[in-house]
Amino acid sequence: MARTTPRDPAAPRLAALAALLADETRASFCLALLDGRAWTAGELARAAGVAASTASEHLDRLVAGGLLAEERQGRHRYLRLADGRIAQLVEELAAHAHPGAPAPPRTLRESSLHHALARGRTCYDHLAGRLGIRITDAMTERGLLRQDTGFALTDAGLEWFGALGVPLDTASRRPLARGCLDWTERRPHLAGTSGAALCRHVLDAGWCERVGTGRAVRTTSAGLRALSEHLGIEPATVDTAGGSAGPEGSAA
């Protein structure tokens with residue numbers, strides 16, 4: 001009798017995780033929640049184009065599987081991605097899901113949404129798209145960030161954040177800097193504690209503003225000046241085109 005090799009105990013858990021994301025509606029929910037905010041079940045249902053009863057069933061599965069966390073306030077049910085690790089998983093899977101040229105947009109609205117997300121967006125709690133890549137490249141070129149052996153802030157980078165008045169939680173178990181594969185640019189952008197802190201600062205200082213109610217962001221006039229002053233990014237190299245992406249702006 002042939003001797004069988006014991007099955008890896010992680011196999012059932014990996015299969016269960018894959019099954020959770022192997023549904024377009026559930027995948028749409030996870031992509032929408034990459035904006036880092038909590039959504040109501042009704043908002044997610046509208047974003048995915050499904051009935052509320054259908055959304056509820058799918059959301060229950062995602063919560064039970066540990067991908068989403070929920071909070072109830074009165075009659076409202078709010079949902080968000082469970083943590084940053086789940087956000088990283090979803091973003092990187094989305095990047096790997098586009099090995100070739102993406103399918104052409106079917107409508108003008110869909111085309112506008114795609115271009116807005118590609119220009120600049122939030123990826124859970126950090127910046128992505130061409131804007132995120134441009135900032136990451138500028139930080140690397142100025143010696144603030146290293147990418148040769150994985151992402152790492154240099155001493156100059158730590159000083160740069162301090163001079164900018166952006167505190168960094170160096171005691172966090174979360175990496176200070178890490179690369180996150182950008183699904184539109186196919187290159188890594190800055191994530192981790194420093195990426196999240198920079199994103200908060202960019203939005204709070206008015207360097208960028210959200211487009212509609214979703215993930216898309218655009219650079220403001222103040223942001224163009226700030227990026228030039230602090231990172232040497234020429235304003236002409238930053239795409240500031242706007243347009244409303246609407247509530248679907250989160251479904252990358």
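Index from 1, following the sequence.
The shortest non-hydrogen separation linking L20 to R26 is O-NE, 2.7 Å. The nearest pair of heavy atoms linking T136 to P188 is CG2-O, 4.1 Å. For the residue pair C208 and L203, the shortest heavy atom distance occurs at O-CD2, 3.8 Å. Of all heavy-atom pairs spanning G66 and A82, the tightest one is O-CB, 3.3 Å. Closest of all the heavy-atom pairs between L198 and V166 is N-CG1, 4.5 Å. Closest approach of L21 and C30 over heavy atoms only: CD2-SG, 3.9 Å.
The CG atom of L79 lies 8.0 Å from the CZ atom of R72; values are rounded to the nearest 0.5 Å. Distance check, rounded to the nearest 0.5 Å: OG1 of T219 to CD1 of I135 gives 7.0 Å. Atom NE2 of H230 sits about 8.5 Å away from atom CG of L227, to the nearest 0.5 Å. Residue R142 holds its CZ atom at 6.5 Å from CG of L144, rounded to the nearest 0.5 Å. Taking OG of S221 as the start and CZ of R225 as the end, the distance is 6.0 Å to the nearest 0.5 Å. In this structure, the separation between CD on E70 and CZ on R80 is 10.5 Å, given to the nearest 0.5 Å.
Note: the hydrophobic cluster containing L131 does not contain L181 (ILVMFWY, side chain heavy atoms under 4.5 Å, direct or indirect links). At a threshold of 4.5 Å between side-chain heavy atoms, the hydrophobic network of Ile, Leu, Val, Met, Phe, Trp and Tyr places V202 and L176 in one connected group. Linking ILVMFWY side-chain heavy atoms closer than 4.5 Å, directly or via other members, places L62 and L17 in a single hydrophobic cluster. Grouping the Ile, Leu, Val, Met, Phe, Trp and Tyr side chains by contacts below 4.5 angstrom, directly or via other members, places I133 apart from F151.
Residues V211 and R119 have side chains not in contact (no heavy-atom distance under 4.5 Å, counting atoms from C-beta outward). Taking 4.5 Å as the limit, every side-chain heavy atom of L44 sits out of range of all side-chain heavy atoms of V50. Contact annotation: the side chain of L224 approaches that of V238 to within less than 4.5 Å [non-hydrogen atoms, C-beta and beyond]. Contact check for H189 versus L127: no side-chain heavy atoms found under the 4.5 Å cut-off. Side chains of L168 and S194 form a contact here, defined as non-hydrogen atoms less than 4.5 Å apart. Residues L67 and L81 form no side-chain contact, since every pair of their non-hydrogen atoms from C-beta on lies 4.5 Å or further apart. For the pair R121/T184, a side-chain contact is recorded, criterion being any heavy-atom separation below 4.5 Å from C-beta on. Using a 4.5 Å cut-off on side-chain heavy atoms (C-beta onward), V90 and L33 make no contact.
A donor-acceptor distance shorter than 3.5 angstrom exists from the side chain of H126 to the backbone of C123, with no hydrogens or angles considered. In this structure, T40 contributes its side chain and Y78 its backbone to no donor-acceptor pair below 3.5 Å. Using modelled atom types, no side-chain atom of T122 and backbone atom of D125 make a donor-acceptor pair closer than 3.5 Å. In this structure, S228 contributes its side chain and P235 its backbone to no donor-acceptor pair below 3.5 Å. Distance alone, capped at 3.5 Å, places no donor-acceptor pair between the D182 side chain and the R187 backbone.
Taking the six-membered ring where tryptophan is involved, the planes of H201 and W207 are perpendicular, since the angle between them exceeds 60° and thus also 30°.
For E43 and R37, the salt-bridge test fails: no basic side-chain N is under 4.0 Å from an acidic carboxylate O. Checked for salt-bridge contact, R178 and E91 miss the test: no charged N lies under 4.0 Å from a carboxylate O. A salt bridge does not link D83 with R174: every distance from a Lys NZ or Arg NE/NH1/NH2 to an Asp or Glu carboxylate oxygen is 4.0 Å or more.
Few gaps surround CG on D8; more than 12 heavy atoms of other groups in view lie less than 6.0 Å from it. More than 12 heavy atoms of other residues, nucleotides or ligands lie within 6.0 Å of CZ in R130, so this atom counts as buried by the packing criterion.
Just one residue in the list L231, L153, L145 forms a side chain to side chain contact (heavy atoms under 4.5 Å, CB included) with W160, and that residue is L231.
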